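First comes the structure, then the notes that go with it.
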2 protein chains.
Amino acid sequence: MGKGEQTRQAILDEAFSLASCVGVGGLSIGMLAERTRMSKSGLFAHFGSKEELQLAVLRESQMRFAEVVLRPALRQPRGLARLRAVIVNWLDWTRAVNLPGGCVINAAAAEFDDQPGPLREEVKNALLALRRSLGELVARAIESGELRPDTDIEQFVFELNGIYQATQQNRRLFNDQDADRRALLAFDRLVRDNAEIHAKE
Amino acid sequence: MGKGEQTRQAILDEAFSLASCVGVGGLSIGMLAERTRMSKSGLFAHFGSKEELQLAVLRESQMRFAEVVLRPALRQPRGLARLRAVIVNWLDWTRAVNLPGGCVINAAAAEFDDQPGPLREEVKNALLALRRSLGELVARAIESGELRPDTDIEQFVFELNGIYQATQQNRRLFNDQDADRRALLAFDRLVRDNAEIHAKE
DNA sequence: GACAAGAACGAACGGTCGTTCTATAAAGCG
DNA sequence: CGCTTTATAGAACGACCGTTCGTTCTTGTC
């Protein structure tokens, strides 16, 4: 890895955790230059524009997510166990990597959801990819017979996302220590409702 | 209402819908002055500081929420019907009032959750108040026998919040037309699980 | 070690930011 | 009406923004 790639990565490392606190939109070249002890112009040259830097941070975030959340779960047997592992990893991946201010992409989703442009598209694609991954995990759990064949996959993923959002808000805004437990309770209820055959009332 | 109050309200009206698009943190005196056709300093004098303006927007948002979401639901009989009415109102209150860019407070929650200060506290209190309202609605539904006595109220509210967050993201980022339907499906499942007596497996 | 390519710097630009000050205009009141 | 209070305007401030430019220093290559 040449010198250029090396410092570029160092910048991204810093930008990654900085963006966690101030948001991708709140990143500033000046602040970033200060933290990396570089000149503004020197840093700037690595990206060509602020937007390109922001996109790079989002892509960096996606890569780390795949490494930290999705990949380790492959050690679990496919089906419900693997799905559950992803959820558990997902719930505290902001603690695993250096994200003192929460998931960058998730914050960016709220930030750019009504501002058309490349950033919004990047966020959209990242979250779409996650949903597809989750959808496939659910599909495998159906195939293995752990979930009912008529399980509504999209609905399942929709609710998984809700659980995640609620957990993050509880943790970050209210310092709720029970957030993880609540999340798993909700997850188990979701699984149960799509696994059992219910007794009709 | 004197002239001062009048223009102050006009400013807040504009700030309210502007904040919906750019976030409470993204508000700027200059832009707001332009939109209201006032001078920056003239507008500024009504609040004394930007932070005070932002707080005013958050309070304005709370008031409108109570008027548009909570109050109309009082027409429903107490219990599950009223809870459901609140949820329905909640889900599309950003359409009812002028919020082209989504709920201001909800966006602010993600924006300020890791930036200590009065804004964070205001957001926190607003969301806390909402949770208390929801909690009471759930408690009434327990009293009326529509939900089981052992219903975990906090968990119930936790999941309600999740449903809301997921709905907003689906609508705003993915233009998902089915978001509302999904939300109500999730809500009904939540109610069902806390109402029926399940057959033990 | 010479030389070209790439990396980093420092200064400067035009803009916007929130805020302050002073002066003028309007509103409210007797 | 006149007088006081209040509201608004305008110009200016220092700070920071993203970006550009020319220069200098550091790499990597023959």
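Chain A is the first sequence line, chain B the second, and so forth, proteins listed ahead of strands; every chain is numbered from 1. As the structure is a computational prediction, the values presented were derived from the model and not from experiment.
A45(B) comes within 4.0 angstrom of a base, heavy atoms only.
The shortest distance between the side-chain N/O atoms of H46(A) and the OP1/OP2 oxygens of dA8(C) is below 4.0 Å.
Here dA7(D) presents its C1' atom at 10 Å from CD1 of I11(B), a figure rounded to the nearest Å. In this structure, the CG atom of L43(A) is 15 Å from the C1' atom of dT20(D), given to the nearest Å. The distance from atom CD of Q6(A) to atom C1' of dT26(D) is 13 Å, rounded to the nearest whole Å. One atom, CD of Q54(A), and another, C1' of dG18(D), lie 11 Å apart when rounded to the nearest Å. In this structure, E5(A) atom CD and dG28(D) atom P are separated by 13 Å, rounded to whole Å.
With sequence neighbours left out, the side chain to side chain contact (heavy atoms under 4.5 Å, CB included) criterion links A81(B) to Q76(B), P77(B). Checked against side-chain hydrogen bond (donor to acceptor under 3.5 Å, both in side chains), S144(A) has the following partners two or more places apart in sequence or in another chain: E146(A). In this structure, E121(A) has no side-chain hydrogen bond (donor to acceptor under 3.5 Å, both in side chains) partners at least two apart in sequence or on a different chain. Checked against side-chain hydrogen bond (donor to acceptor under 3.5 Å, both in side chains), E122(B) has no partners two or more places apart in sequence or in another chain. The side-chain hydrogen bond (donor to acceptor under 3.5 Å, both in side chains) test applied to R8(A) returns no partner, not counting sequence neighbours.
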Its contact letters, B for base, S for sugar-phosphate only and - for none at protein heavy atoms under 4.0 Å, make nucleotides 13-30 of chain C read ----SBBB-------S--
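Using cut-offs of 30° and 60° on the angle between ring planes, the pair F65(A) and W93(A) is perpendicular.
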